[in-house]
Amino acid sequence: MISQAVKEALQKFIPAENIFYKEPLSKHTTFRVGGEADCFIKIKNEEGLAALAAYLNKVGLPFFIMGNGSNLLVSDEGYRGVILQLGDAFQEIRVQGERICAQAGALLSKVAKTACENGLSGMEFAAGIPGTVGGGVMMNAGAYDGEMKQVVESVVVLDREGNRLELDNETMEFGYRTSAIKSQPFIVTECRFKLQPGQKEAIAAKMEDFQRRRKEKQPLEYPSAGSTFKRPEGYFAGKLIMDAGLAGKSIGGAQVSEKHCGFIINTGNATASDIKKLIGSVQEEVDRCFGVRLEPEVVFLGRF
Ligand SMILES: Cc1cc2nc3c(=O)[nH]c(=O)nc-3n(C[C@H](O)[C@H](O)[C@H](O)COP(=O)(O)OP(=O)(O)OC[C@H]3O[C@@H](n4cnc5c(N)ncnc54)[C@H](O)[C@@H]3O)c2cc1C
């Protein structure tokens, strides 16, 4: 619950039309599930974000940064606090020689397209990842042997008091689907990529090839959050799940995709609880069959 005093204070930082109360998060996640957030704010600019973060921190109101919601499982009970989305106002992508500076709300696919148009190679892997730059940095998103770690030169972040810092690649501590942002609650506002000159046609062909492979192998026709589990060392999550006989296994409207067992999909009327239960059931069965504990890649938000 957001008190009247807090509601009034929020409007000092953000125009009222960008503040939504009891906002269904199912509208903002690619799984298409999730209950209401007490408050959902579309951030207009970095100054507003810094002031708001400092205020929320001071009054002790929990807040969570959302990108494109493509790696999130939000509880059916929603989120008791404030969701901050760096959307439309954080879309700028600037090309400076072999570098691209992109704001955190820009889609990775747009950065990849811009790189291609400017004859810059390195971002091809990101063309089909449906996340934002901020989410991609936080997750060290990657595909087809590419990952953010290889192309990020530096990242501009705000801390929870609203202070601005610039972190270089090493300080970001990128690892497999993780970064320093997982342990330190920074807000990514901008990222500088360092790319290599390349041939536009070759870059475009590589991106098209990756897209074709995704369409062929992944259940893109259903809502999901991509690969549900991280790749366990020495194995592939999808293969373990298939070999455990779990292809097509359903709980409510959640299903282990038959097209790609590494994806849990929403077949239409799944709840977050269905998906969470199916994740648990897959973990148990794979552990029982092969002694491998699958770790979710998906980020959980709210009470399960
Ligand atoms: C069909 C499909 C295919 C996918 N394929 C891939 C793939 O090939 N490779 C891959 O790595 N992922 C893949 N994903 C998962 C997802 O797209 C990535 O993890 C992506 O990087 C998440 O970005 P997002 O903006 O959607 O983040 P969200 O899902 O909104 O958030 C994810 C995490 O990042 C944090 N975050 C978001 N923005 C910021 C910010 N500005 N500052 C600080 N923290 C922030 C959130 O708080 C949250 O903890 C796929 C998902 C789908 C649905």
Side-chain angles (χ1 to χ4, degrees), residues 1-30 34 36-72 74 78-96 100-111 113-114 130-139 152 154-167 181 184-193 299 301:
M1 269 284 287
I2 308 286
S3 70
Q4 192 54 34
V6 169
K7 285 184 180 177
E8 281 165 23
L10 290 178
Q11 289 187 39
K12 290 187 197 141
F13 306 107
I14 303 285
E17 67 265 24
N18 283 35
I19 307 176
F20 305 86
Y21 295 102
K22 296 183 181 286
E23 176 72 358
L25 293 178
S26 53
K27 277 167 60 181
H28 302 280
T29 60
T30 55
E36 291 173 351
D38 288 340
C39 181
F40 183 97
I41 299 182
K42 288 188 182 169
I43 302 294
K44 287 302 276 179
N45 54 46
E46 194 175 317
E47 295 72 49
L49 174 61
L52 186 58
Y55 168 75
L56 294 172
N57 198 47
K58 197 172 116 205
V59 296
L61 203 58
F63 64 95
F64 182 87
I65 313 298
M66 185 182 271
N68 202 34
S70 66
N71 208 32
L72 286 183
V74 180
Y79 180 64
R80 302 289 71 84
V82 181
I83 301 282
L84 306 180
Q85 191 180 49
L86 280 60
D88 302 349
F90 285 81
Q91 300 278 342
E92 199 183 52
I93 302 173
R94 299 185 307 275
V95 181
Q96 299 164 335
I100 290 186
C101 285
Q103 286 188 300
L107 286 174
L108 289 169
S109 55
K110 283 216 174 134
V111 179
K113 188 163 174 271
T114 305
T132 60
V133 166
V137 165
M138 150 82 159
M139 300 300 302
V152 170
S154 62
V155 179
V156 177
V157 299
L158 296 177
D159 67 17
R160 296 244 148 179
E161 280 84 43
N163 303 304
R164 196 173 200 267
L165 309 163
E166 187 160 354
L167 310 177
I181 315 266
Q184 302 169 61
F186 289 130
I187 305 168
V188 177
T189 59
E190 194 171 307
C191 176
R192 186 161 66 215
F193 299 93
V299 173
L301 180 63

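- Considering every non-hydrogen atom in both L86 and A104, the closest pair reads CD2-CB, 3.8 Å.
- Residue L49 holds its CG atom at 5.0 Å from CG of L158, rounded to the nearest 0.5 Å.
- Annotation: side chain to side chain donor-acceptor pair (under 3.5 Å) contacts of R164 (sequence neighbours excluded): E46.
- With E8 as the fixed residue, the side-chain contact (heavy atoms from CB on, under 4.5 Å) test singles out one of Q4, Q11, K12: Q4.
- The number of heavy-atom neighbours closer than 6.0 Å to NZ of K58, taken from other residues, nucleotides and ligands shown, is 12 or below.
- Contact between V111 and A102 at its shortest, heavy atoms only, is CG2-CB, 3.9 Å.
- We find the CZ-OH distance between F63 and Y79 to be 8.0 Å, quoted to the nearest 0.5 Å.
- In terms of heavy atoms, K44 sits closest to F90 at C-CE1, 4.3 Å.
- Residues L167 and F186 are in side-chain contact: their nearest non-hydrogen atoms beyond the backbone lie under 4.5 Å apart.
- Residues I2 and L61 are in side-chain contact: their nearest non-hydrogen atoms beyond the backbone lie under 4.5 Å apart.
- Note that the CD atom of Q85 and the CG atom of L25 stand 9.5 Å from one another [nearest 0.5 Å].
- From C191, atom SG reaches atom CD of E166 across 10.0 Å, with rounding to the nearest 0.5 Å.
- Between Q91 and D88, the shortest heavy-atom distance links the atoms CG-O, 2.9 Å.
- Going from atom CD1 of I41 over to atom CG of L52 covers 5.0 Å, rounded to the nearest 0.5 Å.
- Contact detail for E190 and C101: the closest heavy-atom pair is OE2-CB, 4.0 Å.
- Distance CD1/I14 to CD1/I43: 4.0 Å, rounded to 0.5 Å.
- Checking side-chain atoms of D38 against main-chain N and O of G81 turns up a donor-acceptor pair under 3.5 Å.
- Using a 4.5 Å heavy-atom threshold, the side chains of Y21 and L10 count as touching.
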Problem - Working for side chain to side chain contact (heavy atoms under 4.5 Å, CB included), residues K110 and I93 - result: CA-CA 8 Å; K110 283 216 174 134; I93 302 173; 3.8 Å; yes
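- Inter-residue side-chain proximity for H28 and L72 is flagged as unmet; no heavy-atom pair is nearer than 4.5 Å.
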Practice task
Give the C-alpha distance, both sets of side-chain angles, the deciding distance and a yes or no for side chain to side chain contact (heavy atoms under 4.5 Å, CB included) between V133 and L108.
Solution key: CA-CA 6 Å; V133 166; L108 289 169; 4.3 Å; yes
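- With hydrogens and angles ignored, the 3.5 Å screen pairs no side-chain donor or acceptor of N68 with any backbone N or O of T132.
- The aromatic rings of Y55 and F13 lie tilted to each other, with the angle between the two planes from 30° to 60°.
- Closest approach of C39 to I19, counting heavy atoms only: SG-CG2, 3.8 Å.
- Between V157 and V137, the closest side-chain pair of non-hydrogen atoms is not below 4.5 Å.
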